[in-house]
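Both counts, for ligands and for their atoms, begin at 1 and track the order of listing. Not measured: the values here are computed from a predicted model.
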Amino acid sequence: MCGIIGYIGKQKALPILLDGIKSLEYRGYDSAGVAVLDNKNGESRIYCVKSPGRISVLEEKISNQENDIGGFLGIAHTRWATHGVPNEANAHPHFDCGQKFFLVHNGIIENYKELKNSLIKNGHKFSSETDTEVITHILEDERKKNPKTPLEELTLKALKNISGTYGLAVISVEEPKKLVVVRNFSPLLVGIGDGEYIVASDASAVLKHTRQIVFLHDGEIAILTPEKHKIFNLRSESVTRKPEKIEWTEEIAKKGDFPHFTLKEIFEQPEAIENSLRGRLLPEEGLVKLGGLELVQDKLREAERIIIAACGSAYLAGRVGEYMFEEYAGIPTEVDFASELRYRKPIFRKNDVLLVVSQSGETADTLAALHEAKQKNILSIGIVNVVGSSIARETDAGVYQHIGPEIGVASTKAFTSDLSILALLSVFLGRQREMSLTMGRRIVEELEKIPHLVGQILKNKDQIFKVAKKYKSYNNFLYLGRKYNMPIAFEGALKLKEISYIHAEGYGAGEMKHGPIAMINKDFPSVVIAPSDSVYEKIISNIEEIKARRGPIIAIATEGNKEIKQIVEEVIYIPKTLEMLTPILSVIPLQLFAYYIGVLRGFDVDCPRNLAKSVTVE
Ligand code: AGP
């Protein structure tokens, strides 16, 4: 997803802007640019440099500029192309014909085509194919009609013509001490420093400067000058917003000794799960404590159905949650792709509860599904990692993951944290209903062991690397699982697709005979999740069926199971735990398997091609 950085203050803007967009690289991008307002010999001018490719290419281009770019005000952007190919012209910042207004944008201008046609008819010359550029030319027209209007009001006038989503940062050569930012469905926050402000798409880019953050809400505009900041809503009413303190340290947002964020975050999982569970387990009472749900606990007691809506890995975590809630809380549960729920005609009932799961808290489809449920006055709760994110703020209640920033595009620690919190929720809801003290205790006591058990699996990384090395050249994989581990088959396949670009298909093992088995041969390996659980015998039959077609098999099995070694090519063991918690363990080898193959294939595993960390557009 696109990344926005803005700076105004007493330091040179350019190095801060470049450093800021580097912190946002993990979001995925294909071009980058900066615009800095400098005042040489009393004349204000905006210097703009853009380029396709990595930020290092942009830096090279800047160093080749004849003028050194000074200035204490600027904006920068990493672009994830939505309209127009990744090239210099389409990179942000964009500017108007007179090069008075420069801006960067995250989001989509839905009505840009008709706006662009009418602007061209009025004589405007466009330099890009992007939707964003229309805003600069509308600003130019508004200026002609309102020669004295301050930049913030001019921006609000311009946005009256716009429909769509935007996070915007705007500067103008006419007002060299002002940075205007607007948020409408694309996240933007303001870091408050000492006599300076850093604007960013997410907190990881401001941590080295400040931890005092003001999160803009949708429909708000902030006017930043070196002396002060003001926030208004789009009706020009003043907004007072207390800064929040971001607890993440800058260190957390660094790779440390790991070659990639993805590997770091895979190995952080014992600690991340511990943090998600911290202070929430009451083994004596067989209960869990979820402070974020206390205000709605009575409504949750009345809940007659849970609808889980999410995307990608978060959706697959929800699929595991469905089994947990139905088996242990006795609540009918449905899981929907958020991108489907928002467009189909969901039949909500009075005592339904919508549960949205989102690490970033900004995924457009998940946010839209939430809005749909709120429209129908359905109680909404969330499982979210990013404090102050849209979903965290707009749900009626929720549970924070407390796992620190997840930088790698492929979700790992967020996924196992989701599963851990879904297990907490099944105890929370179950103990409001039929779940006994004994069962509550059993789950809580087993949850306490999970971080250690995950650590045990990670110690086996060398064997998993060997298996990855052996299978790295295959071009197709079938991932199979049953019951709690069926969603893990899909998640394992998603990891391999995302990180190594190999075609991998997740499937319910029981469905294999209804088609996919036709693909199996010696060149088509299967990864089968086969813990010693209630459906183990069934999965062994599936393994035999694959074997009969000479398909190579990599099995994830429970420690101590010697039998399976006789019938498959590779076995990766995981410790024994409750059936409902095995997904937290069985996914670990699949994450490492995908990571190692991606590295062995020479890909950028932290920023896989075409992917973005937070999909804030539809
Ligand atoms: C998973 O590895 C992907 N990065 C992606 O599917 C992700 O899970 C999905 O976009 C949801 O993101 P969210 O949790 O931030 O809403």
| field | Candidates I464, V454, L453, I574 - the one meeting side chain to side chain contact (heavy atoms under 4.5 Å, CB included) with I588 | value | V454
| message | So, regarding Q359 and ligand 1 (criterion: nitrogen or oxygen to nitrogen or oxygen, under 3.5 Å), is there a contact or not? | response | yes
| query | Quick one: is the NZ or CZ of R609 closer than 6.0 Å to the six-membered ring centre of Y501, and within 45° of its axis? | reply | yes
| message | Considering non-hydrogen atoms of the protein only, which is the closest contact for atom 3 (C) of ligand 1, and what is the distance? | response | E498 OE2, 3.2 Å
| Which of the atoms of ligand 1 are close to S411, meaning less than 4.0 Å from one of its heavy atoms? | 1 (C), 2 (O), 4 (N)
| remark: Here the gap from E491 atom CD to S313 atom OG, rounded to the nearest 0.5 Å, amounts to 3.5 Å
| Nitrogen or oxygen atoms of G361 and ligand 1 under 3.5 Å apart | no
| Have Q463 and K466 got a donor and an acceptor in their side chains that come within less than 3.5 Å? | no
| query | Nearest to atom 15 (O) of ligand 1, what protein heavy atom do you find, and at what distance? | reply | S360 OG, 2.7 Å
| Protein contact of atom 6 (O) of ligand 1 - nearest heavy atom, named by residue and atom, plus distance | G312 CA, 3.1 Å
| message | Taking atom NZ as the centre, does K374 end up with more than 12 heavy-atom neighbours from other residues, nucleotides or ligands that are less than 6.0 angstrom away? | response | yes
| query | With a 3.5 Å cut-off and no angle check, do the side chains of E110 and S163 form a donor-acceptor pair? | reply | no
| remark: In this structure, atom 12 (O) of ligand 1 is nearest to the protein heavy atom T363 OG1, 3.5 Å
| message | Closer than 4.0 Å to some heavy atom of A410 - which atoms of ligand 1 meet that? | response | 2 (O)
| query | Just going by heavy-atom distances, which of C311, A317, A310 is nearest to atom 11 (C) of ligand 1? | reply | C311
| note | atom 10 (O) of ligand 1: closest protein heavy atom, distance to 0.1 Å, is V615 CG2, 4.1 Å
| query | For K469, does the NZ atom have more than 12 heavy-atom neighbours from other residues, nucleotides or ligands under 6.0 Å away? | reply | no
| message | Can you tell me how the ring of Y596 sits relative to the ring of F465, calling it parallel under 30°, perpendicular over 60° and tilted otherwise? | response | perpendicular
Name every donor-acceptor pair, under 3.5 Å, that has one atom in a side chain of residues 314-326 and the other anywhere in the protein, sequence neighbours excluded.
| from | atom 1 | to | atom 2 | distance (Å) |
| --- | --- | --- | --- | --- |
| Y315 | OH | R319 | NH1 | 3.0 |
| E326 | OE2 | T333 | N | 2.8 |

| task | Among all protein heavy atoms, pick out the one at the shortest distance from atom 4 (N) of ligand 1; state its residue, atom name and that distance to 0.1 Å. | result | V409 O, 2.7 Å
| Closer than 4.0 angstrom: is that true for some heavy atom of K495 and an atom of ligand 1? | yes
| request: Could you check atom 8 (O) of ligand 1 against the protein and tell me its nearest heavy-atom contact, residue, atom and distance included? | output: S313 N, 3.1 Å
